[in-house]
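So the structure is just underneath, and the comments pick up after that.
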Amino acid sequence: GDLADSDTGIQGLDCGWSMTIIGNAVAGAEGPCIGFSNFCMFASRFGNNSVHGGAIGFGVKGSVFSRPNEGYGVIQSLTIWRIRIIGIWGYSKSNAPRISNVKIADSSVGFFWGNIGPDSEKHAVKVQSIIIADSLFLGRSINNPLCASQTGILLPVFATQGYSISPGVC
């Protein structure tokens, strides 16, 4: 499956350069509440958003161009709660995606990320990391019986193939 295969609250089909997503509340999406094929939005155009009741809170399947010193590409200022599958899900070729100032509560999995690295058959090496800063992960509340178990952060998966996995198969 792809992020766009099911109902999405807000879907960015490009990097988001020309979009402004500030102060939105998205609820009840079948797929991601907010989804992108690539993410490189300016910090001044993305923030103070809240999502809940969807399968995925925020999802990106593509590159995340994080350049915090230049003011863009940081997945930030999100409140994510009562998500059925994954609060923040990503699968990218990015070297160092950055997630900052997010609050995730009442989700089966708070955060899961997969990165695509260099070709293993060529024995290539490339340093990749994921940065999570100034964020909160909170387990299941007593009034949400849907999440039988919770995981705050699943260790990232680093692979050498293309965009082949989705939340339904990971």
Side-chain angles (χ1 to χ4, degrees), residues 1-4 8 10-22 24 31-51 56-80 83 85-105 107-138 150-170:
D2 195 359
L3 282 179
T8 300
I10 298 172
Q11 180 71 46
L13 298 177
D14 62 6
C15 243
W17 284 116
S18 60
M19 297 176 73
T20 299
I21 304 173
I22 295 177
N24 296 285
C33 292
I34 300 175
F36 281 89
S37 55
N38 293 295
F39 186 82
C40 58
M41 290 190 73
F42 283 100
S44 61
R45 292 183 166 199
F46 185 85
N48 193 30
N49 294 297
S50 174
V51 300
I56 300 166
F58 179 94
V60 62
K61 189 174 183 180
S63 293
V64 177
F65 302 99
S66 290
R67 306 286 187 276
N69 295 342
E70 298 174 33
Y72 67 89
V74 178
I75 299 166
Q76 64 173 8
S77 188
L78 277 167
T79 300
I80 300 169
I83 298 297
I85 302 174
I86 301 171
I88 294 179
W89 177 85
Y91 196 58
S92 74
K93 293 183 179 181
S94 305
N95 290 336
R98 185 175 181 91
I99 291 85
S100 179
N101 189 27
V102 297
K103 295 173 270 313
I104 301 175
S107 298
S108 293
V109 174
F111 177 84
F112 178 77
W113 202 272
N115 261 11
I116 301 169
D119 188 344
S120 62
E121 291 180 355
K122 295 179 182 176
H123 302 286
V125 176
K126 181 177 174 184
V127 176
Q128 291 182 304
S129 62
I130 297 168
I131 300 162
I132 301 173
D134 304 318
S135 296
L136 169 72
F137 296 86
L138 183 65
Q150 299 76 41
T151 303
I153 299 173
L154 283 176
L155 293 176
V157 173
F158 291 88
T160 59
Q161 296 181 1
Y163 299 119
S164 61
I165 69 168
S166 66
V169 296
C170 58

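Treat the numbers as computed from the prediction; the structure is a model and nothing was measured.
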- What one should report as the nearest heavy-atom pair of Pro97 and Ser129 is CD-O, 3.2 Å
- Task: To the nearest 0.5 angstrom, please state how far the CZ atom of Phe46 sits from the CG atom of Leu78.
- Result: 4.5 Å
- Separation of Ile56 CD1 from Ser107 OG (nearest 0.5 Å): 11.0 Å
- Message: Go through it in stages, so that I can follow the logic: the residues are Ile153 and Trp113, the test is side-chain contact (heavy atoms from CB on, under 4.5 Å), and I'd like the CA-CA distance, side-chain angles, deciding distance and then a yes or no.
- Response: CA-CA 9 Å; Ile153 299 173; Trp113 202 272; over 6 Å; no
- Task: Can you see which heavy atom on Ser44 is nearest to which on Ile22, and at what distance?
- Result: O-CD1, 3.2 Å
- Task: Working to the nearest 0.5 Å, report the span between CD1 of Ile132 and CZ of Phe111.
- Result: 4.0 Å
- Task: Could you tell me whether the side chain of Ser92 reaches within less than 4.5 Å of the side chain of Asn115, counting heavy atoms only?
- Result: yes
- Query: Closest heavy-atom contact between Ser66 and Ala96?
  - Reply: CB-O, 3.6 Å
- Item | Side chain to side chain, Asn49 and Phe58, heavy atoms closer than 4.5 Å | no
- Task: Could you go through the side-chain contact (heavy atoms from CB on, under 4.5 Å) check for Phe36 and Ile21 one step at a time?
- Result: CA-CA 12 Å; Phe36 281 89; Ile21 304 173; 3.8 Å; yes
- Message: So, taking the atom named CG in Asn24 and the one named CD1 in Ile10, what distance separates them when rounded to the nearest 0.5 Å?
- Response: 4.5 Å
- Message: Just so I know, are the side chains of Ile85 and Ser108 near enough to count as touching, which here means a heavy-atom distance under 4.5 Å?
- Response: no
- Which atom names give the shortest non-hydrogen contact between Met19 and Gly12, and what distance separates them? SD-CA, 4.0 Å
- Which atom pair, heavy atoms only, marks the closest approach of Val74 to Pro68? CG2-CB, 3.8 Å
- Message: Test side-chain contact (heavy atoms from CB on, under 4.5 Å) on Trp89 and Lys61; report intermediate values, then the result.
- Response: CA-CA 8 Å; Trp89 177 85; Lys61 189 174 183 180; 3.9 Å; yes
- Distance in Å, Lys103 NZ paired with Phe137 CZ, rounded so as to fall on 0.5 Å steps: 11.5 Å
